[in-house]
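Okay, structure first, notes after.
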Amino acid sequence: VVTPGIFSNICDRTIEKYFSKENYYCIDGCPVYMIFDIDNFIRSFGTSDECKKALAEFRRKTVEAGFKGLHFQVVHWRNRVFNWLNDEDSQKGVKSAQMYEYLGVDSVTSYNWGCSADLDGDFNEVTDNYVNEIKKEEENLTVPFYPNISVGWDNNVRFNKFIPGVIYNNTPENFKTACEKIKDFADESMKKGRMTAPFITVNSWNEWTEGSYLQPDDLYGYGYLEAIREVFAEKRSVYRGLIMRILKDIPYGNHERHTIDIFIPDEVQNDSGVIFYIHGGGWTSYDKSVHHSDCEYFCSLGYICATTNY
């Protein structure tokens, strides 16, 4: 059991050594702290009631350190029932959504796709199964669901005999498609006001023994990393030797056509002008891409340019 004193020390060290770093990830000014196994986390305090007290102390310390609050996130392992809790525990028998509300969980995520779908079969089918399941789970939960992208799954290297549960056909091309589908889920969730940050986790950087890694190898080279870049990275362009950033398909409303592309000079001045293009077409044809060349030209002259769909 983690005593209040031990957990208090853990909180202090986490705030001092990690939350204080400039590059520590925050949502709405609150450092994100994710727990992999909510069951073991609760079990370490003895009861969910003591766990709730500990989290309140963690939040208090985080605020005292100068932050707006603590964003407490847990891995959502499907919709479980907490029947294993002691009989005297006030939350014995509740389901996941109720436990999250009781503890004050701010959001959930996945460690990998196995948290919501079976890790077995064709990669494209597993992708669709995961997306479909988290859409359902998002509707059943009262907290945001920040999605995950998994590269694959095969952990047989750990065993002397074959263990069923292997994902195949996880080529970089199919992985890129999966990234696009997860991005679509996240974009839609943000439009609906569920997710409040463009936060997506990836499993994994170097999980070689689970067959889920982004690092380059002899089979696909940099294929997975290139897929990540193509889907998520800022587009950059060079026009007449000048570098500019291009932010594409930024939503500004609820309709699927409510998107805007923004062209930003690499060196923005305080007095940089803004040119905003609304394309012609009688309100029935064409789209924002017809002004991309114009945006590149004026961006090369130092203007911030935007072109919109409607």
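Values below: every heavy atom of this structure, side chains too, minus hydrogens, waters and symmetry copies.
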*Can you check salt bridge (Lys or Arg N to Asp or Glu O under 4.0 Å) on Glu267 and Arg245, steps first, answer last?*
CA-CA 10 Å; Glu267 296 184 3; Arg245 288 183 294 152; over 6 Å; no
*Run the numbers on Ser150 and Asn148 for side chain to side chain donor-acceptor pair (under 3.5 Å), then give the verdict.*
CA-CA 6 Å; Ser150 293; Asn148 170 267; 2.9 Å; yes
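Ring centroid separation for the pair His255 and Tyr310 does not come in under the 6.0 Å cut-off. Ring centers of Phe36 and Trp77: under 6.0 Å apart, within the cut-off. Here the two rings, on Tyr18 and Tyr24, have centers that are 6.0 Å apart or farther. Here Tyr168 and Phe123 keep their ring centres 6.0 angstrom or further from each other. Proximity of the aromatic rings of His258 and Tyr252 is defined here by a centroid distance below 6.0 angstrom, and this criterion is met.
By the 4.0 Å N-to-carboxylate-O rule, Arg158 lies close enough to Glu207 to be salt-bridged with it. At a threshold of 4.0 Å, the pair Arg60-Glu64 counts as salt-bridged, since one of the basic side-chain nitrogens sits closer than that to a carboxylate oxygen. Salt bridge status for Lys288 with Asp249: present, with a side-chain N to carboxylate O gap under 4.0 Å.
Considering only heavy atoms from C-beta on, Asp217 comes within 4.5 Å of Trp208 through its side chain. The closest side-chain heavy-atom distance from Pro265 to Tyr303 is not below 4.5 Å. Considering only heavy atoms from C-beta on, Thr307 stays 4.5 Å or farther from Ile260 through its side chain.
In this model, no donor atom of one side chain and acceptor atom of the other lie less than 3.5 Å apart for Glu88 and Thr47. Side-chain atoms of Asp49 and Ser90 form a donor-acceptor pair, as typed in the model, at a separation below 3.5 Å. Asn309 and Asp287 form no side-chain donor-acceptor contact under 3.5 Å, judged by distance and modelled atom types alone. Using modelled atom types, one finds a donor on one side chain and an acceptor on the other under 3.5 Å when comparing Tyr130 with Ser110. A side-chain donor-acceptor contact under 3.5 Å links Lys61 and Ser8. Judged purely by distance below 3.5 Å, without hydrogens or angles, the side chains of His76 and Thr109 never pair a donor atom with an acceptor atom.
Judged by distance alone, with hydrogens and angles left aside, the side-chain atoms of Ser20 form a donor-acceptor pair with the main-chain N or O of Glu16 at under 3.5 Å.
Judged by the 6.0 Å distance and 45° axis criteria, Lys52 is positioned over the aromatic ring of Tyr102.
Note on ring orientation: taking the six-membered ring where Trp is involved, the planes of Phe58 and Phe19 are parallel (angle under 30°, cut-offs 30° and 60°). Tyr33 and Phe72 have parallel rings, their planes meeting at less than 30° on a 0 to 90° scale where 60° marks the start of perpendicular. Using cut-offs of 30° and 60° for the angle between ring planes, the Tyr220 and Tyr224 rings count as perpendicular.
No more than 12 heavy atoms of other residues, nucleotides or ligands lie within 6.0 Å of NZ in Lys135, so this atom counts as exposed by the packing criterion.
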